[in-house]
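Numbered from 1 within each chain, the chains take letters A, B, ... in sequence-line order.
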Number of protein chains: 2
Amino acid sequence: MKQEATCEQELIAIRDSLEILGGKWKLRIMRHLNNHITETNTFKKIQREVEGISAKMLSKELQDLETNLLITRTVMNTRPITVNYAITEYGKSVFPVTETLVQWGLNHRQKIK
Amino acid sequence: MKQEATCEQELIAIRDSLEILGGKWKLRIMRHLNNHITETNTFKKIQREVEGISAKMLSKELQDLETNLLITRTVMNTRPITVNYAITEYGKSVFPVTETLVQWGLNHRQKIK
DNA sequence: ATTATCGGTTAACTAAAGGTAACCGGTTAC
DNA sequence: GTAACCGGTTACCTTTAGTTAACCGATAAT
């Protein structure tokens, strides 16, 4: 549901969101997982498809997202071992955030060209 | 209008958006200006109401936002001189982004408590 | 004359984010 | 046995973000 808040509370809410979702990679990872929600998403696959991210950053960002219950990490019983990352129900709540950023970015690109 | 894109283009769009709107302060400043769109927003007033921001950061962030045509800066003919910052028509397009972050932040705060 | 307000700038610094490259154990294919 | 793939970790370094405090000129109030 839509919630009401004072301007001050709104700014605090933005700060809270950015603490969890801010930085260069987290929202991109979340969007990617949401776009591939029916597939298995291994570490290497994510690294290939979220262009430019290093193993170190990906590892750290995935840990942060898991800590905040936005994704799950599952070690699969395969040879060689693979690890599947999946978005949680709660993680799906991030979709509107990524969607507005996608739309704004697409629109901005059109505007400046 | 809503635009369609491939997953790859979507991730690029998010990157583009974050290049312009990312960081700790820009979205908070934009939200504040949007919430006080009918008032005059002077430097000191913004600094008081966007809690925690230093003069240096505010100055820098306002310059960045002006460069990207999201806000205007107007020196007023008052004594002492005041400067009014106002959101542009284009700047209003950022509102949905801040709105989803506000809602997510409010919801998250409820969830973890 | 002194103090205060406005709208900043500057310098010096610290902290956080992010990048690069080497390396790890385990497994499988050649 | 050697090379390749998976899923990372570690150490080292650079860059960016952000903080603190001092200071500036102009104007106005006491």
Chemist: Please confirm whether the backbone N or O of A:Thr6 pairs with a side-chain atom of A:Gln9, one donor and one acceptor, at under 3.5 Å?
Modeler: yes
Chemist: Using 30° and 60° as the class limits, which term best fits the ring planes of A:Phe43 and A:Tyr85: parallel, tilted or perpendicular?
Modeler: tilted
Chemist: Within less than 4.0 Å of OP1 or OP2 of C:dC6, is there a side-chain N or O belonging to B:Tyr85?
Modeler: no
Chemist: Taking CZ in A:Arg109 as the centre, count heavy atoms belonging to other residues, nucleotides or ligands within less than 6.0 Å. Is the count above 12?
Modeler: no
Chemist: When you look at CD of B:Glu8, are more than 12 heavy atoms from neighbouring residues, nucleotides or ligands closer to it than 6.0 Å?
Modeler: no
Chemist: Charged N to carboxylate O under 4.0 angstrom, B:Lys24 versus B:Glu61?
Modeler: no
Chemist: Would you mind checking if B:Glu99 and B:Arg31 are paired as a salt bridge, meaning a charged N to carboxylate O distance below 4.0 Å?
Modeler: yes
Chemist: Would you mind checking if A:Glu39 and A:Lys45 are paired as a salt bridge, meaning a charged N to carboxylate O distance below 4.0 Å?
Modeler: yes
Chemist: Relative to the 5' end of DNA chain D, which residue comes earlier, A:Pro80 or B:Gly23, by the nucleotide with the nearest heavy atom?
Modeler: A:Pro80
Chemist: Starting from P on C:dA16, measure out to CG on A:Asp64 and report it in whole angstrom.
Modeler: 14 Å
Chemist: Please tell me which of B:Val83 and A:Gly22 maps to the more 5' nucleotide of DNA chain C, matching each residue to the nucleotide holding its nearest heavy atom.
Modeler: B:Val83
Chemist: For DNA chain C, which residues in residues 47-60 of chain A have a heavy atom at a distance below 4.0 Å?
Modeler: A:Ser54, A:Lys56, A:Met57
Chemist: So which one's nearest nucleotide on DNA chain C is more toward 5', A:Ile81 or A:Glu61?
Modeler: A:Glu61
Chemist: Cut-off 3.5 Å, side chains only: do A:Thr100 and B:Thr100 have a donor facing an acceptor?
Modeler: yes
Chemist: Mind checking which nucleotides bracket the chain B contacts on DNA chain D, 5' to 3', with an atom under 4.0 Å from a heavy atom?
Modeler: D:dG18 to D:dA28
Chemist: Using a 6.0 Å cut-off, check whether atom CD of A:Gln110 has over 12 heavy atoms from anything other than its own residue.
Modeler: yes
Chemist: Does the base of C:dG7 carry an N or O that pairs as donor and acceptor with the side chain of B:Lys44 under 3.5 Å?
Modeler: yes
Chemist: Give the rounded distance in Å between these two atoms: CZ of B:Arg15 and C1' of C:dA17.
Modeler: 18 Å
Chemist: Can you check the B:Arg73 CZ to C:dC6 P distance for me, whole Å?
Modeler: 15 Å
Chemist: Base, sugar-phosphate or nothing for A:Thr42? Non-hydrogen atoms, less than 4.0 Å.
Modeler: sugar-phosphate
